[in-house]
Colleague: 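Dropping a structure here in structure tokens format, bear with me for questions.
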Amino acid sequence: MAYYPEPVARLIEALQRLPGIGPKTAQRLTFFLLKRPVEEVRELSESLLAVKDRIVSCRTCFNVTDEDPCRICADPTRDAQLLCVVEEPNDLLAMERTGEYRGRYHVLLGALSPLDGIGPDDLKVKELLVRLEGGETTEVILATNPNVEGEATALYLAKLFRPLGIRVTRIARGLPVGGDLEYADQVTLSKALEGRREIG
């Protein structure tokens, strides 16, 4: 990148470190920012710094928050008997967007992945067990991703919770709304059949 002025080259390199941003996208973003008013770029810069300065993990559920405990953990109207376990804060936000779930959460901050060297001690599993020993929770909903790591994590946690006498459920998997059967893969179809229920 010797043909770019040093500040431009530095920004392109910095943007490339973001997930999903390759060299071409980093260049496009850099030149887009060069065309924007200085106030807009300053606002972006201040927003990035504010995220690093003010955002912490909730000490109860490990969601990202600007106040500890987070708003969900501090909300007395949430059902303390239901605890939904998710991998990442983004998964929690996806669950919240449904508007259907009114319980509490626990964010593992990852999933089991022996190939990547991620074991139970690298996740917030001990903290989850401490919460469950409090006795408030009657059902744990395992909402890990439907991939190899997510399934392994769900199976591991279910086995761990069995002696606690807590009901353990797994979110259903299957066909997306608006999808066509002919385009569904075999695993998705078989999970949809497993999770079928009566209607009417």
Colleague: Are any non-hydrogen side-chain atoms of V56 and T65 less than 4.5 angstrom apart?
Modeller: yes
Colleague: Walk me through it: do F62 and L108 pass the test side-chain contact (heavy atoms from CB on, under 4.5 Å)?
Modeller: CA-CA 7 Å; F62 301 97; L108 294 170; over 6 Å; no
Colleague: Could you list the residues that satisfy side-chain hydrogen bond (donor to acceptor under 3.5 Å, both in side chains) with N145, not counting sequence neighbours?
Modeller: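 By the side-chain hydrogen bond (donor to acceptor under 3.5 Å, both in side chains) rule, N145 matches E87.
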Colleague: Mind listing the side-chain donor-acceptor pairs of residues 149-164 below 3.5 Å, one per line with the distance, residues two or more places apart or on another chain?
Modeller:
residue : atom : partner : partner atom : Å
E151    : OE2  : R170    : NH2          : 3.0
T153    : OG1  : L112    : N            : 2.8
T153    : OG1  : E149    : O            : 2.7

Colleague: Restricting to non-hydrogen atoms, name the atom on R104 and the atom on A80 that form the minimum distance, rounded to 0.1 Å.
Modeller: CG-CA, 4.1 Å
Colleague: Kindly indicate, with the supporting measurements, whether the criterion side-chain contact (heavy atoms from CB on, under 4.5 Å) is fulfilled by M95 and L92.
Modeller: CA-CA 5 Å; M95 293 293 288; L92 184 153; 5.8 Å; no
Colleague: Could you tell me whether the side chain of Y105 reaches within less than 4.5 Å of the side chain of V85, counting heavy atoms only?
Modeller: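 In short, these two side chains do not touch, never coming nearer than 4.5 Å.
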Colleague: Under the salt bridge (Lys or Arg N to Asp or Glu O under 4.0 Å) rule, what pairs show up with a residue in residues 42-61, not counting sequence neighbours?
Modeller: R59-D68
Colleague: Decide yes or no for Q27 and L15: does some side-chain heavy atom of the first lie under 4.5 Å from some side-chain heavy atom of the second?
Modeller: no
Colleague: Kindly work out whether a path of hydrophobic side-chain contacts (I/L/V/M/F/W/Y, heavy atoms less than 4.5 Å apart) joins Y3 to L29.
Modeller: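 Y3 and L29: separate clusters.
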Colleague: Counting N and O atoms only, with roles assigned by atom type, does the side chain of Y101 sit under 3.5 Å from a partner on the main chain of L82, one being a donor and the other an acceptor?
Modeller: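 Pair found, side chain donor or acceptor close to backbone of L82.
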Colleague: Spell out, as yes or no, whether a donor-acceptor pair under 3.5 Å connects the side chain of R78 to the backbone of I72.
Modeller: no
Colleague: With R102, which residues qualify under side-chain hydrogen bond (donor to acceptor under 3.5 Å, both in side chains), at least two apart?
Modeller: T77
Colleague: Sorted by first residue and then second, give each side chain to side chain donor-acceptor pair (under 3.5 Å) pair with at least one member in residues 119-139; sequence neighbours left out.
Modeller: H106-R131, E139-R167, E139-T169
Colleague: Check step by step if side-chain contact (heavy atoms from CB on, under 4.5 Å) holds for L142 and V168.
Modeller: CA-CA 7 Å; L142 299 174; V168 180; 3.6 Å; yes
Colleague: With hydrophobic residues grouped by side-chain heavy-atom distances under 4.5 Å, do I21 and L44 end up in a single group?
Modeller: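 Yes, because I21 and L44 connect within a single hydrophobic cluster, where side-chain heavy atoms sit under 4.5 Å apart.
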Colleague: Would the number of heavy atoms belonging to other residues, nucleotides or ligands and lying under 6.0 Å from CD of E6 be above 12?
Modeller: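 Correct, the count exceeds 12.
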Colleague: Is there a side-chain contact (heavy atoms from CB on, under 4.5 Å) between T144 and V86 once you walk through the steps?
Modeller: CA-CA 5 Å; T144 54; V86 296; over 6 Å; no
Colleague: So, using side-chain hydrogen bond (donor to acceptor under 3.5 Å, both in side chains) as the criterion, who are the partners of Q81 when residues are at least two apart?
Modeller: none
Colleague: Does one hydrophobic cluster hold both V51 and L11, with members joined at side-chain heavy-atom distances below 4.5 Å?
Modeller: no
Colleague: I need the D79 CG to C84 SG distance, nearest 0.5 Å.
Modeller: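 One finds 12.5 Å between CG of D79 and SG of C84.
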Colleague: Atom OG1 of T30 and atom CD of E13: how far apart are they, to the nearest 0.5 Å?
Modeller: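 CD of E13 is found 10.0 Å from OG1 of T30.
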Colleague: Please give me the minimum heavy-atom distance between N63 and P89, naming the atom from each residue.
Modeller: OD1-CB, 3.5 Å
Colleague: For residues I171 and I141, determine if any side-chain heavy atom of one lies less than 4.5 Å from a side-chain heavy atom of the other.
Modeller: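 Yes. Closest side-chain heavy atoms under 4.5 Å.
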Colleague: Rounded to the nearest 0.5 Å, how far apart are CG of N147 and OG of S113?
Modeller: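 Taking CG in N147 and OG in S113, the distance rounds to 9.0 Å.
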Colleague: CD1/I166 to CG/L83 distance, rounded to the nearest 0.5 angstrom?
Modeller: 8.5 Å
Colleague: With a 4.5 Å limit on heavy-atom distance, are the side chains of L128 and L123 in contact?
Modeller: no
Colleague: Do S45 and L48 touch side chain to side chain, with heavy atoms closer than 4.5 Å?
Modeller: no
